[in-house]
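Structure, as structure tokens:
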Amino acid sequence: MATTETVVVLESKLTCPDCGHVETEMMPTDACQWFYECKSCQTVLKPLSGDCCVYCSYATVPCPPIQEGKSSCG
């Protein structure tokens with residue numbers, strides 16, 4: 001029987017909603033990232049309501065647990 005393995009992407013581009021700065025980051029696999037400081041304007045990003053982390057709110061790729069089909073990273 002063949003198994004299908006989910007390929008988890010760990011690199012994602014975060015976009016600051018305040019200044020539009022884009023930064024490519026490696027997502028953690030062992031913890032949620034609830035806060036992220038923009039490297040351009042120093043705004044501290046927090047997840048939007050209903051999202052589990054900053055990657056799910058502001059990045060091009062959702063966090064690893066969401067990619068794996070889990071309900072959240074927490």
Side-chain angles (χ1 to χ4, degrees):
M1 176 187 286
T3 60
T4 54
E5 190 173 316
T6 303
V7 176
V8 176
V9 177
L10 296 179
E11 189 175 273
S12 193
K13 292 180 182 178
L14 276 162
T15 302
C16 177
D18 285 358
C19 73
H21 178 76
V22 177
E23 190 74 32
T24 300
E25 297 285 354
M26 293 297 290
M27 292 183 278
T29 58
D30 59 347
C32 293
Q33 186 154 350
W34 291 306
F35 303 102
Y36 178 84
E37 184 176 331
C38 175
K39 290 183 169 88
S40 178
C41 71
Q42 285 70 49
T43 294
V44 176
L45 306 182
K46 299 173 189 170
L48 298 173
S49 179
D51 286 342
C52 61
C53 67
V54 293
Y55 289 101
C56 289
S57 294
Y58 304 105
T60 56
V61 178
C63 67
I66 296 297
Q67 291 180 57
E68 294 171 339
K70 297 176 183 162
S71 61
S72 73
C73 59

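Values reported hereafter were calculated over all heavy atoms of this structure, with side chains retained and with hydrogens, waters and symmetry mates removed. The first residue of the sequence shown is numbered 1, and numbering continues consecutively from there.
- Side-chain polar atoms of E25 and Y36 form a donor-acceptor pair below 3.5 angstrom.
- One hydrophobic cluster, built from ILVMFWY side chains closer than 4.5 Å, holds both Y55 and V9.
- For the atom pair CE (M27) and OG (S12), the distance works out to 4.5 Å, reported to the nearest 0.5 Å.
- Remark: E68 engages K70 in a salt bridge (charged side-chain N to carboxylate O under 4.0 Å, His left out) (not counting sequence neighbours).
- Note that CD of Q33 is 7.5 Å distant from CG of L14, once rounded to the nearest 0.5 Å.
- At least one donor-acceptor pair closer than 3.5 Å links the side chain of T60 to the backbone N or O of K13.
- Taking SG from C16 and CG from L45, the interatomic distance works out to 5.0 Å, rounded to the nearest 0.5 Å.
- Taking 4.5 Å as the limit, every side-chain heavy atom of C63 sits out of range of all side-chain heavy atoms of C32.
- Between the side chain of T43 and the backbone N or O of C38 there is no donor-acceptor pair closer than 3.5 Å.
- Note on L48 and V22: separate hydrophobic clusters, where clusters join Ile, Leu, Val, Met, Phe, Trp and Tyr whose side-chain heavy atoms are under 4.5 Å apart, directly or indirectly.
- A single hydrophobic cluster is seen to contain both Y58 and V61, as judged by linkage of ILVMFWY side chains at heavy-atom distances under 4.5 Å, directly or through other members.
- Within the model, atoms CH2 of W34 and NZ of K46 stand 14.0 Å from one another, a figure rounded to the nearest 0.5 Å.
- The one candidate from P47, S49, P62 that meets the side chain to side chain contact (heavy atoms under 4.5 Å, CB included) condition with S57 is P47.
- Considering CD of E11 and OG1 of T24, their distance stands at 5.5 Å, rounded to 0.5 Å.
- Once rounded to the nearest 0.5 Å, the distance linking CG of D51 with SG of C56 reads 5.5 Å.
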